[in-house]
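The basis for the numbers below is simple: all heavy atoms, side chains too, and nothing from hydrogens, waters or symmetry mates. Throughout, protein chains are lettered first and strands after them, A, B, ... in sequence-line order, and every chain is numbered starting at 1. Every value quoted in this text rests on a predicted model; they were computed, and no experiment measured them.
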2 protein chains.
Amino acid sequence: MSHSLGVRQAQKQKTRQALLDAALGLLEEQSLSSLGLREVTRVVGIAPTAFYRHFRDMGELGVALVEEALGSLHVMVRAILAEQDAAEERIDRTVAVVEQHVRQHPLHIRFVARERHGGVRAVRQAIAGELDRFAQEVAAALKSQPASEGWRDEDVRMLAELYVDRLVTTAAALLDAEEDGAEGAAGQVVRRSRRQLRLISIGRRHWREDRRGEGEEERGEG
Amino acid sequence: MSHSLGVRQAQKQKTRQALLDAALGLLEEQSLSSLGLREVTRVVGIAPTAFYRHFRDMGELGVALVEEALGSLHVMVRAILAEQDAAEERIDRTVAVVEQHVRQHPLHIRFVARERHGGVRAVRQAIAGELDRFAQEVAAALKSQPASEGWRDEDVRMLAELYVDRLVTTAAALLDAEEDGAEGAAGQVVRRSRRQLRLISIGRRHWREDRRGEGEEERGEG
DNA sequence: TAGTTCGGAGAACGGTTGTTTACTGGATGA
DNA sequence: TCATCCAGTAAACAACCGTTCTCCGAACTA
């Protein structure tokens with residue numbers, strides 16, 4: 001599977017990865033739409049023209065970065081969803097995993113947060129697509145839980161998006177907290193995030209009893 | 001107050017505003033760190049060098065845009081907070097106001113969403129500062145409500161941030177929904193957002209009874 | 001071994017950028 | 001009325017940009 005690449009292909013992938021790494025590094029302090037092709041190749045140590053052997057333009061490189069960035073996070077959240085702990089412990093585990101991920105891949109997080117609403121359409125769409133598949137998985141996991149019995153699919157999806165959004169926001173907030181150097185800032189973000197997830201969890205638990213008898217509203221709209 | 005500006009100062013403010021407007025327009029399809037000084041002055045129709053009569057650099061213009069963008073939103077949310085409706089109607093009102101604001105000032109919303117994690121530090125900090133004051137106000141309003149009786153300040157603040165974050169996210173989502181042209185996309189965002197706020201509201205209502213007896217956890221950390 | 005493929009190098013292109021310096025002409029205030 | 005102020009102008013600067021075209025040499029294939 002992996003030993004079957006020739007010397008040539010292996011070298012090409014290596015340079016390609018070097019381009020991605022260099023770009024990711026440079027993107028810590030600027031945004032994709034201002035990142036120059038020459039700037040990236042200069043860091044890698046290759047001629048500007050060699051860039052075209054790997055990507056048509058910076059937008060295409062950006063999309064590749066999206067896949068790389070969301071890929072690893074995808075694996076971790078999938079692991080969380082597979083767990084069967086009680087709500088309380090699960091929340092703590094979830095936040096801990098996010099925290100660890102931010103520490104291990106800060107540049108990936110920064111990139112996603114920055115380009116999610118950034119100036120390059122293709123990259124925005126790529127991120128939106130990944131986060132959507134993301135929410136889809138979370139929704140599927142939530143649906144199979146006893147707490148979701150009697151829930152409409154639309155409401156499960158609504159909750160899933162709320163969770164996913166919270167994770168992304170928390171990750172970005174953690175990054176900001178660590179960068180401006182305030183001592184307990186990161187800890188406060190973690191603690192606050194846990195409580196927000198708990199509040200959502202409580203809202204989830206009481207959703208049906210509170211919404212009883214209002215099930216017919218807004219019929220015929222969706 | 002306002003009639004007291006001379007012809008000179010009035011004209012200066014006019015071009016300054018023209019610079020802000022031109023920049024805001026250009027920022028619909030790119031990010032601040034890639035926006036050029038010449039690009040802006042070209043749209044306004046003045047010489048590039050005239051830019052320096054108003055701003056030291058693009059970062060300073062960005063900060064001015066932050067104040068302009070968050071200012072109007074500030075007013076509207078303040079109005080919402082002052083209302084005394086029941087939870088249900090208040091949520092509907094809130095989302096409706098956000099929806100209206102997005103329609104009236106789409107460029108401002110786009111700008112804030114994009115530059116909140118964008119590549120210009122000064123602008124990021126300006127936005128973070130404004131949103132913080134924002135959350136502060138929301139927290140104060142929440143605290144004075146009967147539903148917050150017995151809540152710790154830290155938890156009120158946690159809830160306030162959850163609300164503010166939801167508003168910003170909803171506004172950005174609305175913008176995206178309207179831009180990719182899908183027919184009912186905006187409506188779905190609105191409906192989903194309402195339900196998310198309701199779920200949070202339910203969580204709020206049951207927060208204390210659910211957290212009873214756990215008040216001593218995490219002591220000595222904050 | 002001979003011929004082909006292809007990642008990368010190098011030079012050159014027209015165009016744009018931020019910034020400086022010196023200047024103009026109308027509003028300003030005594 | 002007259003000297004001062006100052007928003008905007010004009011020209012020039014070196015630096016950088018994306019992109020094209022041509023070529024090289026090592027890795028491939030047959």
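Here the P atom of nucleotide dC17(D) and the CG atom of Leu26(A) are 11 Å apart, to the nearest Å. A straight line from CD of Gln30(B) to P of dT17(C) spans 10 Å, rounded to a whole angstrom. The nearest whole Å value for the distance from the CG atom in Leu19(B) to the C1' atom in dG8(D) is 11 Å. When the C1' atom of dG18(D) is taken as reference, atom CD1 of Ile46(A) falls 15 Å away, rounded to whole Å. Atom CZ of Phe51(B) and atom C1' of dT19(C) are 12 Å apart (whole Å). For the pair Phe55(A) CZ and dG8(C) C1', the computed distance is 15 Å after rounding to whole Å. Atom P of nucleotide dA9(C) and atom CZ of Arg42(A) are separated by 14 Å, given to the nearest angstrom. Protein atom CD of Glu60(B) is 15 Å distant from nucleotide atom P of dG18(C), rounded to whole Å.
For the pair Tyr52(A) and Lys12(B), both in contact range of DNA chain D, the more 5′-proximal nearest nucleotide belongs to Lys12(B). Mapped onto DNA chain C by nearest heavy atom, Gly45(A) and Gln9(B) fall at different nucleotides, with Gly45(A) at the one closer to the 5' end. A residue-by-residue look at Met58(B) and Arg8(B) shows that Met58(B) has its nearest nucleotide of DNA chain C further toward the 5' end.
Residue Arg56(A) places no side-chain N or O under 4.0 Å from the OP1 or OP2 atom of dT19(D). The side chain of Arg38(B) places no N or O atom within less than 4.0 Å of a non-bridging phosphate oxygen (OP1 or OP2) of dG15(C). Within the structure, every side-chain polar atom (N or O) of Thr49(B) is placed at least 4.0 Å from both OP1 and OP2 of dT20(C).
A distance-only check finds a donor-acceptor pair linking the side chain of Gln196(A) to the backbone of Met158(B) [under 3.5 Å].
Salt bridge Asp21(A)/Arg16(A): absent, no basic N to carboxylate O contact under 4.0 Å. Electrostatic pairing of Arg157(B) and Asp132(B) counts as a salt bridge here, judged by a charged N lying under 4.0 Å from a carboxylate O. Under 4.0 Å is where a charged nitrogen must lie from a carboxylate oxygen, and between Glu179(A) and Arg124(B) at least one such pair does. Salt bridge status for Arg192(B) with Glu161(A): present, with a side-chain N to carboxylate O gap under 4.0 Å.
Distance from the side chain of Ala47(B) is smallest to dT9(D) among dG8(D), dT19(C), dT9(D).
Within the nucleic acid shown, Ala50(B) comes within 4.0 Å of at least one base atom, counting heavy atoms only.
With hydrogens and angles left out, the side chain of Arg53(B) and the base of dC6(D) share no donor-acceptor pair within 3.5 Å.
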